[in-house]
Number of protein chains: 2
Amino acid sequence: MRIGELAQRGECDVETVRFYEREGLLDRPAREANGYRCYTDAHLVQLKFIRHCRSLGMGLPDIRALRGFQANPELACDEINHLIDRQIERIHRQLDSLHVLERQLHTLRETCCANQNASQCGIMRNLTRAAAGEDCSCHPSDRKGGMQKP
Amino acid sequence: MRIGELAQRGECDVETVRFYEREGLLDRPAREANGYRCYTDAHLVQLKFIRHCRSLGMGLPDIRALRGFQANPELACDEINHLIDRQIERIHRQLDSLHVLERQLHTLRETCCANQNASQCGIMRNLTRAAAGEDCSCHPSDRKGGMQKP
DNA sequence: CTTGACCCCGTACCGACTACGGGTTGTCGA
DNA sequence: TCGACAACCCGTAGTCGGTACGGGGTCAAG
């Protein structure tokens with residue numbers, strides 16, 4: 001099949017397929033006489049593997065590593081476990097900081113009751129206060145007693 | 001003050017300060033005779049404002065917009081509210097997809113009990129199955145009755 | 001007079017694509 | 001058979017928010 005069909009069946013963009021080829025994630029296909037790329041079902045499986053890993057949030061280096069394990073199935077799989085563990089940790093850290101962010105933004109949002117002008121807007125006032133080193137609703141100063149002068 | 005002190009007090013990198021200046025987020029400072037940037041306390045407030053907004057996950061275009069409201073405090077603040085609402089939505093979407101991801105990765109992780117070789121590793125087998133179009137533990141096919149042929 | 005800290009500028013790099021521009025080939029209807 | 005248009009080729013640049021590098025200037029202390 002040609003690149004357009006592969007991309008469609010792999011649910012990604014043609015440009016993305018070429019990108020994976022450049023990155024060495026997808027095997028180089030044979031070419032037709034006119035230079036068009038000519039893919040097999042094996043290429044489609046490779047592409048789906050990459051896309052599946054991407055949908056799990058893995059980066060391209062990790063996917064490259066996994067492809068290495070596919071090529072050498074006799075290797076111990078500890079590294080695979082570590083890889084997934086690291087990924088889970090990353091996601092956890094992101095979740096934690098997004099939860100904090102969500103709370104901060106909600107708090108900030110509630111300080112404005114709309115239909116005012118910008119100078120009276122609670123959101124703007126909070127952001128400006130924070131910049132001046134004073135307390136803001138979104139980052140209440142509960143850390144080590146604050147930084148105020150003696 | 002010079003750029004080093006500003007960066008330190010604004011809790012960011014010297015390069016970042018120069019970057020904000022290039023991006024037009026931070027007003028251009030006066031220069032000393034030797035060409036060194038010479039900042040005032042007002043610059044520090046600007047920088048802290050930017051960093052505070054960044055810590056809330058806002059992008060530079062949004063921060064630019066907010067600076068516009070600081071410059072024109074008589075404008076209605078609806079746009080500010082929208083801006084924060086959009087930010088909250090973004091965070092929500094990210095949280096949702098990260099929650100899904102977390103569950104998928106945990107499920108996947110539990111399919112390997114370690115100390116095997118890669119060909120027997122449940123994680124690897126799942127990923128490979130998924131690429132072949134079969135069911136995997138991390139993406140069980142429960143969506144709208146599946147896509148199987150009639 | 002040299003060392004080291006600080007500053008200047010411009011440019012390239014990160015990740016994972018996405019978009020663009022300019023050219024060739026294939027396919028279809030008129 | 002012609003012309004339109006889709007699909008393909010390639011290489012390069014842009015996205016975002018910085019970070020890092022290279023090569024050089026300035027200044028105070030030892």
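Quantities reported herein were computed from a predicted structural model and do not represent experimental measurements. Chain A is the first sequence line, chain B the second, and so forth, proteins listed ahead of strands; every chain is numbered from 1. FYI, side chains are in, hydrogens and waters are out, and symmetry mates aren't considered; it's all heavy atoms of this structure.
Listed candidates were D/dT19, D/dC8, C/dA16. Nearest to the side chain of A/R54 is C/dA16. You'll find that the side chain of A/R2 is closest to C/dT27, out of C/dC8, C/dT18, C/dT27. Side-chain atoms of A/R18 lie closest to D/dC10 of the nucleotides C/dC8, D/dC10, D/dT19. Closest to the B/T16 side chain, of the nucleotides C/dT24, C/dC6, D/dT19, is D/dT19.
With values rounded to the nearest 0.5 angstrom, A/H99 atom NE2 is found 7.0 Å from A/D96 atom CG.
Residue A/R64 is classed as having no contact, given no heavy-atom separation below 4.0 Å to the nucleic acid.
Between the CE atom of A/M58 and the C1' atom of C/dG15 there is a distance of 16 Å, rounded to whole Å. Atom CD in A/E21 sits roughly 14 Å away from atom P in D/dC8 (whole-Å rounding). Rounded to whole angstrom, the span from the CD atom of A/E23 across to the P atom of C/dG15 amounts to 9 Å. Look at CZ on A/R22: it is 12 Å from P on D/dC9, rounded to the nearest Å. For the pair A/I63 CD1 and C/dA16 P, the computed distance is 8 Å after rounding to whole Å. Look at OH on B/Y39: it is 7 Å from P on C/dC8, rounded to the nearest Å. Between the CD1 atom of B/I3 and the P atom of C/dA5 there is a distance of 18 Å, given to the nearest Å. A/L6 has its CG atom 11 Å from the P atom of D/dC9, to the nearest Å.
Toward the 5′ end of DNA chain C lies the nearest nucleotide of A/F19, the other residue of the pair A/E32 and A/F19 mapping further downstream. Between B/P61 and B/N34, the one whose closest nucleotide on DNA chain D sits nearer the 5' end is B/P61. In terms of position along DNA chain D, the nucleotide closest to B/L60 lies nearer the 5' end than the nucleotide closest to the other residue of the pair B/E15 and B/L60.
The shortest side-chain heavy-atom distance between B/D62 and B/C53 does not fall under the 4.5 Å cut-off. The closest side-chain heavy-atom distance from A/E5 to A/R2 is not below 4.5 Å.
Aromatic ring pairs are classed by plane angle as parallel below 30°, tilted from 30° to 60° and perpendicular above 60°; the pair B/H52 and A/H139 is perpendicular.
Scanning atom types as modelled, no donor and acceptor separated by under 3.5 angstrom connect the side chain of B/Y20 and the base of D/dG18.
Using a 4.0 Å cut-off between charged nitrogen and carboxylate oxygen, A/R86 and A/E79 count as a salt-bridge pair.
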